[in-house]
6 protein chains.
Amino acid sequence: MRRGLFVGRFQPFHYGHLASIKQALEECDELIIVIGSAQYSHTFENPFTTGERIEMIRAALLEEGIDLKKIVLVPVPDIGEHSIWVSKVKSLCPSFDVVYTNNSLVRRLFEEEGFQVKSTELYRRDLEMGTAIRERMLRREPWEELVPKSVADYIKKIRGVERLREICRKTD
Amino acid sequence: MRRGLFVGRFQPFHYGHLASIKQALEECDELIIVIGSAQYSHTFENPFTTGERIEMIRAALLEEGIDLKKIVLVPVPDIGEHSIWVSKVKSLCPSFDVVYTNNSLVRRLFEEEGFQVKSTELYRRDLEMGTAIRERMLRREPWEELVPKSVADYIKKIRGVERLREICRKTD
Amino acid sequence: MRRGLFVGRFQPFHYGHLASIKQALEECDELIIVIGSAQYSHTFENPFTTGERIEMIRAALLEEGIDLKKIVLVPVPDIGEHSIWVSKVKSLCPSFDVVYTNNSLVRRLFEEEGFQVKSTELYRRDLEMGTAIRERMLRREPWEELVPKSVADYIKKIRGVERLREICRKTD
Amino acid sequence: MRRGLFVGRFQPFHYGHLASIKQALEECDELIIVIGSAQYSHTFENPFTTGERIEMIRAALLEEGIDLKKIVLVPVPDIGEHSIWVSKVKSLCPSFDVVYTNNSLVRRLFEEEGFQVKSTELYRRDLEMGTAIRERMLRREPWEELVPKSVADYIKKIRGVERLREICRKTD
Amino acid sequence: MRRGLFVGRFQPFHYGHLASIKQALEECDELIIVIGSAQYSHTFENPFTTGERIEMIRAALLEEGIDLKKIVLVPVPDIGEHSIWVSKVKSLCPSFDVVYTNNSLVRRLFEEEGFQVKSTELYRRDLEMGTAIRERMLRREPWEELVPKSVADYIKKIRGVERLREICRKTD
Amino acid sequence: MRRGLFVGRFQPFHYGHLASIKQALEECDELIIVIGSAQYSHTFENPFTTGERIEMIRAALLEEGIDLKKIVLVPVPDIGEHSIWVSKVKSLCPSFDVVYTNNSLVRRLFEEEGFQVKSTELYRRDLEMGTAIRERMLRREPWEELVPKSVADYIKKIRGVERLREICRKTD
């Protein structure tokens with residue numbers, strides 16, 4: 001049994017995340033999805049609560065036909081101390097064999113602790129994709145094409161775009 | 001769609017927890033299982049890490065034939081401030097309709113925030129069951145009969161009883 | 001203008017606190033009342049929130065005819081580090097000239113920082129009085145005689161005794 | 001009895017705050033004034049301690065002839081987690097019926113928890129006013145006209161402008 | 001170059017600590033002395049600040065003729081999460097090759113992270129020795145024989161016994 | 001016996017720090033070196049852990065022939081509350097008579113608590129020197145001339161420049 005670990009903030013969950021998860025699931029029997037910055041919400045960087053992000057991820061994986069039994073979702077708070085963050089992740093997550101990321105800092109931190117780290121080709125673009133989606137939301141431009149339909153539906157249901165605009169009004 | 005929420009520390013997961021979860025699943029489509037005191041481990045009260053507790057719960061539910069797709073596991077740390085704990089739970093969890101517990105404090109806190117709380121008949125006995133299991137482990141008495149076989153197997157695999165004895169040695 | 005400082009947890013506010021406050025007001029123009037352990041509630045030691053404690057204190061002082069304009073209420077959280085607690089109090093409170101307490105630790109901490117500390121004759125008995133009141137509440141014994149009428153009325157209005165019993169049920 | 005709640009940082013207290021407080025007091029019997037970001041001081045954003053801010057607010061309200069008995073001052077620290085901040089405010093403050101603010105985020109957070117929120121026409125300008133005052137202090141421009149005389153006197157007494165310049169020297 | 005690590009609370013530094021340090025220095029070129037529970041003071045368990053403990057340790061090692069150049073003192077706060085404590089120690093300390101302890105929990109935590117742990121024969125007795133010294137101080141019994149003369153002199157200079165008695169007065 | 005205190009982040013230790021330390025040691029018998037922002041690492045502002053910084057400082061002082069017996073290294077975490085930071089430093093450090101700094105904020109905070117503060121002529125330039133070194137490392141320009149040889153050797157041994165570049169890759 002091979003278990004992978006994938007880290008994201010999922011603000012919101014988008015097609016880049018989905019591609020990375022699919023790639024990881026081709027090589028692993030189970031995948032831990034760490035929801036980073038778990039304590040934050042109601043900011044431009046992190047508009048959605050962890051509870052909302054869990055709902056998005058589950059809906060998107062279900063829509064895509066990915067077996068939820070193979071997925072372990074684990075919220076991990078930012079602790080602000082990079083040198084002990086991997087230890088925190090290890091404490092909160094089931095054991096894992098490989099880490100999937102293209103983020104340089106995440107790669108570095110896990111490698112310093114002796115983990116195998118593999119690139120997800122789309123991750124870096126993903127990072128930018130999350131920011132791009134939130135900026136489109138603020139500018140009233142189309143963003144729905146960048147996320148699975150179930151995610152777009154969920155965001156509309158909770159009036160997420162209105163929230164983002166209200167909490168960022170000073171940036172208007 | 002009706003979603004319930006059940007809170008436990010799962011140190012370790014035992015038959016009392018299992019009975020409560022089955023009861024809740026009879027009335028709900030999905031069940032959020034909050035893993036409380038998530039940041040603690042390596043003490044008599046909380047010997048196992050959250051990662052280990054997730055592995056136990058998943059193994060037990062799988063053994064019992066419970067559909068993991070209906071389950072949402074969410075670790076929640078102790079924040080030491082009872083008056084804002086329900087707010088923390090709401091932030092970390094998907095929305096829920098009903099809370100299952102027999103613990104007086106948990107019941108009180110959720111009721112003060114307006115939630116419907118239902119009793120799980122076995123919960124109170126469960127609380128004592130967790131302590132009883134850990135005490136049996138310390139005294140080298142049989143404890144395996146109180147937990148699902150997959151949980152006993154996992155605890156043996158990670159040499160959990162030895163850990164408990166070592167971290168409690170001063171109480172010998 | 002002479003300003004005093006008096007520290008308590010006010011769980012609940014009782015006649016011992018009142019006597020100390022009156023004594024301090026005889027010697028000072030203004031009195032800062034620090035509400036200690038401000039972040040705690042819903043425990044046997046600290047059943048009431050800071051908001052509830054503020055309502056009790058204001059009601060009791062009003063009932064007693066004490067001029068609220070001379071009083072400055074300041075909640076101060078427990079920070080768990082005694083050596084910096086006085087510094088925290090100084091940061092959160094207006095400047096003060098004298099501290100009123102009979103608690104040995106509080107006296108010691110303020111004296112180490114160079115403050116004048118005066119005894120409130122009744123304070124020590126007060127400490128015991130708070131515990132005594134909560135124990136009477138648990139045992140369904142009369143407790144109302146130990147607190148001002150307005151405090152008893154407020155506790156009844158928020159059903160405080162019921163809360164205390166529920167959160168302490170395991171001690172039944 | 002109707003109680004309102006008004007949130008500010010009061011760095012320093014100025015005429016915008018005063019106008020908002022007066023507006024709120026026309027509609028409420030008592031007003032809770034939350035001193036936000038209570039733990040911060042000695043920065044450009046938050047030069048004054050909570051204790052100093054309490055002294056400013058009390059002096060200004062007294063100067064203005066506002067009855068201090070109707071005012072409840074409550075320092076509330078930044079906890080960095082927006083989703084539980086309203087719960088923290090509720091725990092630290094007496095119960096309240098209406099919130100006064102023009103800040104979009106504060107409005108949103110209280111509305112998500114079901115509170116009535118009313119606009120204080122001048123609040124938004126106030127936000128800018130605080131920053132403007134501190135910038136004038138740095139640039140040695142007149143700032144006294146933007147705050148009540150008692151506040152200007154207090155800031156001079158504690159040599160607040162000198163403090164601001166010293167802690168911001170790198171921005172010279 | 002071989003570097004060892006020794007953990008203690010040093011409340012106060014006594015002959016048991018000294019024996020352990022001497023044993024470790026026979027096998028190592030340099031020794032890191034971790035001052036645990038660094039944020040605590042003014043309690044029965046931890047009466048002395050970290051600053052005071054540093055003064056004690058340096059005085060005792062100097063008195064004993066131990067070369068201070070070979071010693072690295074590192075205060076480490078209690079973080080309350082055992083599973084990440086070793087990671088915190090690794091972040092705060094220079095790299096080390098071997099850990100000296102007889103404490104079961106410390107041994108376990110370092111062994112789980114793959115470190116070599118060696119017993120210091122006297123450590124367990126030491127643990128009891130610290131408590132015994134503080135209890136003797138409270139009961140006005142002789143305690144000086146259990147600590148180096150320089151430590152006894154320092155405790156007297158800062159009037160440490162008086163502090164301990166004052167902060168523990170309720171246990172009289 | 002006169003003891004001084006010098007504060008720095010030492011990211012990395014450079015010739016500016018060395019000059020300040022030498023100046024302070026001319027006037028003091030012992031010098032406490034506070035390693036500030038102790039909990040941070042793996043960022044552009046704070047790339048090195050406290051453990052690594054301790055190794056750098058010890059190596060540089062040894063190289064320079066400074067007697068390590070006169071030096072007390074004390075890591076102090078950022079607590080984010082300037083008004084209690086000096087109190088935290090006092091708790092963690094042996095008592096001291098004079099503070100050496102050219103940083104305006106540090107000077108102000110210690111002076112508000114009544115300490116004598118002396119300027120180290122080079123400190124301000126030092127602050128810029130740390131940033132300049134890290135920027136040179138990022139831009140692959142020579143930086144070794146700004147730090148003692150032993151520090152440059154240590155940074156190369158732990159591949160510190162590679163770390164800095166990896167964790168800052170998004171700034172490329």
Side-chain angles (χ1 to χ4, degrees), chain E residues 1 3 5 10 13 29-43 46-63 65-79 84-97 154 157-158, chain F residues 1 3 5 10 13 29-43 46-63 65-79 84-97 154 157-158:
Chain E
M1 222 277 293
R3 215 187 262 132
L5 181 135
F10 310 107
F13 186 92
D29 304 293
E30 289 186 5
L31 183 65
I32 300 162
I33 300 180
V34 166
I35 302 176
S37 301
Q39 77 268 51
Y40 298 129
S41 70
H42 295 83
T43 67
N46 290 291
F48 303 110
T49 68
T50 286
E52 291 164 347
R53 293 182 258 169
I54 289 173
E55 297 211 43
M56 284 181 211
I57 297 169
R58 284 174 60 91
L61 299 186
L62 206 65
E63 178 188 353
I66 291 170
D67 187 355
L68 282 178
K69 284 201 294 286
K70 294 173 146 188
I71 301 292
V72 185
L73 286 173
V74 183
V76 175
D78 258 5
I79 50 175
I84 61 176
W85 180 76
V86 168
S87 185
K88 184 82 181 175
V89 170
K90 286 164 67 181
S91 171
L92 288 174
C93 294
S95 62
F96 50 92
D97 306 293
Y154 179 75
K157 185 182 130 202
I158 64 168
Chain F
M1 221 277 294
R3 213 186 262 133
L5 181 135
F10 309 107
F13 186 92
D29 303 293
E30 288 186 5
L31 183 66
I32 299 164
I33 300 179
V34 166
I35 303 176
S37 302
Q39 77 268 48
Y40 298 128
S41 70
H42 294 84
T43 67
N46 291 289
F48 302 110
T49 68
T50 286
E52 290 164 347
R53 291 181 260 170
I54 290 174
E55 297 211 42
M56 281 180 212
I57 297 170
R58 285 173 59 90
L61 299 185
L62 205 66
E63 178 187 353
I66 292 171
D67 187 355
L68 282 178
K69 283 201 294 286
K70 295 174 147 187
I71 302 292
V72 185
L73 287 173
V74 182
V76 174
D78 257 5
I79 51 176
I84 61 176
W85 181 75
V86 168
S87 185
K88 184 83 182 173
V89 170
K90 285 165 66 182
S91 172
L92 289 174
C93 293
S95 61
F96 50 93
D97 306 292
Y154 179 76
K157 184 183 132 202
I158 64 168

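Proteins come first, then strands; the chains are lettered A, B, ... in the order of their sequence lines, and each starts at number 1. The shown structure was predicted, so the numbers you read here are calculated from the model rather than taken from an experiment.
Taking both residues in full, the closest heavy atoms of K69(F) and R58(E) are given as O-NH2, 2.7 Å, listed atom of the first, atom of the second, then distance. F13(F) and M56(F) make their closest contact through N-SD, 3.9 Å (heavy atoms, listed as atom of the first residue, atom of the second, distance). The nearest pair of heavy atoms linking P94(E) to R3(E) is CB-NH1, 3.4 Å.
P77(E) has its side chain out of reach of L92(F): every pair of non-hydrogen atoms, C-beta onward, lies at least 4.5 Å apart. Counting heavy atoms from C-beta outward, V74(F) and T50(E) have side chains that stay 4.5 Å or more apart.
When the heavy atoms of residues 29-37 of chain E are compared with those of chain F, the residues falling under 4.5 Å are E30(E), listed by number.
Put simply, the side chain of E55(E) gets close to the backbone of S95(F): a donor and an acceptor are under 3.5 Å apart.
Only the side chain of I54(E) comes within less than 4.5 Å of a heavy atom of chain F; its backbone N, CA, C and O stay farther away. No part of R53(E) comes within reach of chain F, as not one of its non-hydrogen atoms sits under 4.5 angstrom from that chain. Of the atoms belonging to S41(E), not a single heavy atom falls under 4.5 Å from chain F.
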Would you check, one step at a time, whether the test side-chain contact (heavy atoms from CB on, under 4.5 Å) holds for H42(F) with T49(F)? CA-CA 8 Å; H42(F) 294 84; T49(F) 68; 4.2 Å; yes
